[in-house]
Amino acid sequence: MDVTSSETRHQLCRIGVLISGRGSNMLALADAVRDGRILKAEIAIVISDQSGAAGLHHAAERGLETLAIERRQRAREEHEREIIAALGARGVDLVCLAGYMRLLSPLFIEAYRGRVLNIHPSLLPAFPGLDAQQQALHYGAKVSGCTVHFVDEMLDGGPVITQRVVPVHDDDTEETLSARILIEEHQAYPEAVERVVRGDYKIFGRRVIYLYER
Ligand code: GAR
């Protein structure tokens, strides 16, 4: 799968980041682009469905273009059409969900098929949906972690790009476990995006196979 169009293949991969809140994964991606850990890419825009999202402020401080497209009281598809138009106007090749807390409709998935990534704070398919860290604690899991995956129509369901394991400690609370997982998220997401931008993988069924092991 090639996330760049023929016009942009020799140029930079333009990344659009969707957030809803604090935006620490968005900043991890922005740092990785800035530091050259994700080559041949740039953050084209950061969009939030919440105008009060702290991440919008952090992104603007970095000099990134930001846009709030409020979801409140709007039908999902109408809301998404506006997001798709904003991404399209900026020539976005790859969409990274970074704490974007609204399920994407088939309309969005079709518009960016194979070009939407998400990070989720559990080892999928365990604990999809909301409050994944709390789910892991309630279940009594001894390990949890994070997953970066392609997004398809299923909730937290597309092919897995990378996962990182985090132990669950006996005295963990949702806050301590979330904080330990978040450290790994900030490593895993840039690594996964770098691989996708380089395109050195193939997808067989659900399996993302790297062509060159590191
Ligand atoms: C992260 O832990 C991310 O994995 C999670 O929301 C948090 C966002 O934090 N995403 C989901 O649960 C998606 N299902 P951030 O705004 O600081 O990146």
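All ligand and atom numbering here is 1-based and tracks the order in the structure. Heavy-atom basis, side chains included; hydrogens, waters and symmetry copies ignored.
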With heavy-atom distances below 4.0 Å as the criterion, list the atoms of ligand 1 near [X].
| X | answer |
| --- | --- |
| Glu185 | 1 (C), 2 (O), 3 (C), 4 (O) |
| Ile119 | 4 (O), 10 (N), 13 (C) |
| Ser24 | 15 (P), 16 (O), 17 (O), 18 (O) |

> When hydrophobic residues are tied together by side-chain contacts of less than 4.5 Å, even through go-betweens, does Val116 share a cluster with Leu94?
Replying inline: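 In one cluster: no.
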
> Near Asp171 CG, under 6.0 Å, is it more than 12 heavy atoms from other residues, nucleotides or ligands?
Replying inline: yes

> Judged by modelled atom types alone, do Gln50 and Ser20 share a side-chain donor-acceptor pair under 3.5 Å?
Replying inline: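 There is no such pair between these side chains.
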
>> If the contact criterion is a heavy-atom separation under 4.0 Å, does Gly23 count as touching ligand 1?
In response: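 So Gly23 counts as touching ligand 1.
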
> Would you say Met26 touches ligand 1, if touching means a heavy atom closer than 4.0 Å?
Replying inline: no

> Of the listed options (Gly129, Ala98, Pro121), which comes nearest to atom 11 (C) of ligand 1 when hydrogens are ignored and any heavy atom counts?
Replying inline: Pro121

Look at [atom] and say which protein heavy atom is nearest, naming residue and atom and giving the distance to 0.1 Å.
| atom | value |
| --- | --- |
| atom 14 (N) of ligand 1 | His120 ND1, 3.1 Å |
| atom 9 (O) of ligand 1 | Arg22 NH2, 3.1 Å |
| atom 6 (O) of ligand 1 | Gly99 CA, 3.9 Å |

>> What I'd like to find out is whether the side chain of Val196 reaches to under 4.5 Å of the side chain of Phe150, using heavy atoms alone.
In response: yes

Between [Y] and [X], is the closest basic N to carboxylate O distance under 4.0 Å?
| X | Y | answer |
| --- | --- | --- |
| Arg37 | Asp31 | no |
| Arg71 | Glu80 | no |
| Arg81 | Glu77 | yes |

